[in-house]
Structure formats: structure tokens, C-alpha cells
2 protein chains.
Amino acid sequence: MSVFSEVSTTDLVTQIARQITEAIVTGHLKPGERLTELQLSREFGTSRAPVREAARLLESQGLVTFSPRRGFFVRTFSASEMRDIYELRIGLELHAGCLAVERATEADLAALEKQLGRLYGTAGQASIETQIFEDFAFHRMICKASGNARLIRVYDELATEMRAGITLIGKIYDDPQRMAETHEPIMEALRKRDEEQLRGALRYHIAVAQDAVVALFEELEKGA
Amino acid sequence: MSVFSEVSTTDLVTQIARQITEAIVTGHLKPGERLTELQLSREFGTSRAPVREAARLLESQGLVTFSPRRGFFVRTFSASEMRDIYELRIGLELHAGCLAVERATEADLAALEKQLGRLYGTAGQASIETQIFEDFAFHRMICKASGNARLIRVYDELATEMRAGITLIGKIYDDPQRMAETHEPIMEALRKRDEEQLRGALRYHIAVAQDAVVALFEELEKGA
DNA sequence: AAAATGACGATTGTCGACAATTGACACTCT
DNA sequence: AGAGTGTCAATTGTCGACAATCGTCATTTT
């Protein structure tokens, strides 16, 4: 048994992709903004090649768009795209929930309870980014409890898009305390392992978020 | 109005990615096989750069895996991964079906009927690749009828993985005629726009396929 | 003979360079 | 002035090259 931990071999491409992703979901890079390869490569202190590969990764992940001979741009989300994303999320998360009802271990449930506590903890003090992060973490744990690795991958992609969209408009969580409370019906259904109740609770919870986000995006489009 | 059709500007990367994908799903490139950049670039008559970018695309799509300093390999599927893929497909397609029940136009339904006819048409004469293709086309049309573009993107990714897996083992559709017939309950539910019946029919249909594929993969793993 | 070591070929990681293309601006002509 | 045209800087597409690294196989050591 080795006493040494592995030396990090994360290649440049992955590192760059991560940094760009972070910049996008935190709103540091704004939708529609152009990603100039040369400029980025200079900032990262690398050549253009790794930047291009990283950008391609993000493209297939839907975070940036690519136009031949014109380059990469931070993806813009329309209201209808956001509607689609949330609609897909409903299907995905309800499915995950049903699986979780059958498969979740006691440890999974305990972790969820703990995460719910963290949600309450964010009320009043944490930044909005932290609130968003913890909220997503809760829902991700439900997907995790489904035991389906492929499902989580899709969910993570969706989550990234949602975060990018939400950060864009900022104002979603007007009341953190209330935000945490709306998760209670979900947690309760999970405790009871009641599939039908969980489906209902999740569907309602996500639909509310969908309505809010879509409405904001429609507002945004009207203004533009 | 222009009389000229657009000149194809598909860049090298996309072309290469398509060709590699095709080679994988048709079994021309076998799982676990190494993708040597230099060799591929010579075959395509390009340099390594576009090949690398294409490979990265396929990686995030899950068709190839990437190991730093070792290169790209055609993805191998385990039985449990296949189970996850089909399990996710169930969630996805049932959700799509429910949406389709509400939203499908008469034209959508007519197209589905036509596609069902094509399924019968493949019986007896078409190659197994054609049968698989037409089968997937039918299910894709259900997703299309959901009107959710994001959902289709995920479905297409899953379909690619399923095709890659199925081609690997080859023998799934032992009786094309019967394969076509098993789609009848689905079509019937769509005609009646009966959500519950559609969910049941789809779930059963896909679960049968899942059982067959997973069993074959488990067989394969035992042998190896 | 088995295990450890060393060297070599093959392959990837990254870079800088050059041609091709784009978009914007200035210019011309009517 | 307005439409069209030409020019130019900025940027992308692609390439070939070189260093770093990995796997393999022969060699040495115990």
C-alpha cells in the first residue's frame, strides 16, 4: 500500500475547461460574449491548442456555441430553451426520485437531511451563489441516490446550464428561509419512501422554479 | 431570395467526429481499441489537431474515453452501464411520451404510423443495421413529438451509446416481424392519446430490450 | 528463474507559424 | 447622401516540430 497520494495529472485542457465553466456560471463571462482564443490563451499562459480543445468540450456540453470561422461564444439562453431545460429536469428528477425511493440507503437519507439543514443554514448569511449551490446539491443527492451514474451525468449538465441561466438574472431566491422550507415536502416523501407523494412534491417544486425562471427570461426578452 | 444553396462549411472537426462515430456504432472500431492520433490523421489526410478536437467531442459524448498521456480509446460498455443507459432511457422516453400525448400534431402521428410501416418493411429483407436504425427512428420520433429540443439532444446521445453497444453484440433482433409488432401497443396508445397506457407500453417495451441487452452483456463479461 | 533496472521506440502535450477568412472601416461612384 | 466596393487588421483553421512521457523489451542483478 502506497503512502503517497497521487500527483495531480489533470491536463491543461481540463483545467482550462473548468475555469471557463466557472467564469460562465458565475456570470463573469456574459452570454453572447466572444471567447477569443488568443486572448484566453494569453490569460492562461498557454498556446491556443488547449484552449480550443477546452472550448470544444464546453460546446458539446452546451455552455458555449461555436460558429465556424467566427469562433466560440458564451451561450445565450432563450426563455423557451429554459423552459425545455426545466421540463427535461422534471422528467429526469422524477425518474431519479422513483428509483431513489426504492434504492436509497439510510446513509443517503441521512445525507439528504443534513443537506436540508445546510439549506436552512444559508438563510440570512450566505451569498446568493452559495444558496444556489446548496440548493442544487440537495437535488443532486436525490439523483445520486437513484444509483444511476448515467443519469447523474445528464443531470449535472442540466444543472450547469440552469446555474448559468440563473446567475444571469440573479434574482430568484428572494427568501432563503422559504426556499429551504419548500424542500420539506420532498424530504418528507423520501422519508416515507412514498413514490407518488415524492413525484407530486418534486413536480410542484420544480414547476415553481420553472415558472419563475421562464417568466424572468421572457421579461428579459421583451426588454431586449 | 437567393437561388443558391449554401456552400457546405462543415469544418474538419465535425466531419472527422462524424466519421469516427460512424465507425464506432457500426462496430468498425471495436471497444477498447486505441485511437492513435497520428494514424487517424493520416487516414483523414489532416494534421493531428482536428483529430484531437474531434476525439474530445466524442469523449464528452461518451463514445470514447480519454486517459492523459495515454490517449483516446473506444469506450467499453459494462453490463451495469448498459443497464443504467436503458434505465435512463425509460425515464426519458416515458416523459417524452407524456408530453407527446398532449402536444403531438396529427402530422406527428401520421409520421409515426409511416415509420411503423417501415419497421414492418424491414422484416425479411433489410440488414440488421437497417432494422436497428429504423427502430431507433421510431422512438426518436416520439421524443421529437414532445417538442422539447433539449430532451432530444440527450436522447440522441443515449441512442448513440445504445447503438454502439447493440452493434457490439449484434444479435438482438432475432425476429424482425415480431420486433415491429411489439411497437403496436405504443402506437395504439399514441393514437388514443392515452397517457397511462402509453407509459405502460413504453416501459414494457424498453424493459424487454433492456433485459435482453443486459443479459447479453453479462454473458459477455462472464466469458471474458 | 524471477525481479528490478535501463534504454528505446512510439505516442501524446504543447507550441509557434502561416494561410484563409471574417468584419469593419474608408473610399469611390452615382 | 447612399449603395456598393476595396482594403486591412483581427481572428480562426490547420499544420509541422519538438519536448515530455509511456509501454515494451532486452539486460542485468540477486
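Every chain is numbered from 1, with letters handed out A, B, ... down the list of sequences.
You'll find that the side chain of B:Arg34 is closest to C:dT11, out of C:dC18, D:dC18, C:dT11. In the set C:dG13, C:dT12, C:dC15, the nucleotide with an atom closest to the side chain of A:Ser47 is C:dC15. The side chain of A:Pro50 lies closest to C:dC15, out of C:dC15, C:dT11, C:dA17. Considering only the side chain of A:Arg52, D:dG13 comes nearest among C:dT14, D:dT11, D:dG13.
Nucleic acid contact for A:Phe72: none, since no nucleic acid atom lies under 4.0 Å from a heavy atom of the residue. If you check every strand for non-hydrogen atoms under 4.0 Å, A:Leu40 touches nothing.
The nearest whole Å value for the distance from the CZ atom in B:Phe66 to the C1' atom in D:dT21 is 12 Å. Note: CD (B:Gln39) to P (C:dT12) measures 10 Å, nearest angstrom. Distance CD (A:Glu53) to P (D:dG13): 13 Å, rounded to an integer number of Å. Per the geometry, CZ belonging to A:Arg48 stands 12 Å off P belonging to C:dA17, to the nearest Å. C:dG13 atom P lies 10 Å from atom CG of A:Leu12, rounded to whole Å. For the pair B:Glu37 CD and D:dA17 P, the interatomic distance rounds to 17 Å; values are reported in whole Å. Spacing between atom CG of B:Leu35 and atom C1' of C:dT11 amounts to 13 Å, rounded to whole angstrom units. Atom C1' of nucleotide C:dT12 and atom CD of B:Glu59 are separated by 14 Å, given to the nearest angstrom.
Note on B:Arg140 versus B:Asp156: salt bridge recorded, some NZ/NE/NH1/NH2 to OD/OE distance being below 4.0 Å. Salt bridge A:Arg18/A:Asp11: absent, no basic N to carboxylate O contact under 4.0 Å.
Other residues, nucleotides and ligands contribute at most 12 non-hydrogen atoms within 6.0 Å of the CZ atom of A:Phe133.
Side-chain contact check for B:His95 versus A:Glu87: some heavy-atom pair is nearer than 4.5 Å.
Applying the 4.0 Å criterion to OP1 and OP2 of D:dT12, one finds that A:Arg70 has every side-chain N and O outside that range.
Using the six-membered ring where Trp is involved, B:His183 and B:Phe138 have ring planes that are perpendicular, over 60° apart on the 30 and 60° scheme.
If you check distances only, the side chain of B:Arg69 never reaches the base of D:dG23 with a donor-acceptor pair under 3.5 Å.
The nearest heavy atom of DNA chain D to B:Ala49 and to A:Arg42 marks one nucleotide each, and the one closer to the 5' end goes with A:Arg42.
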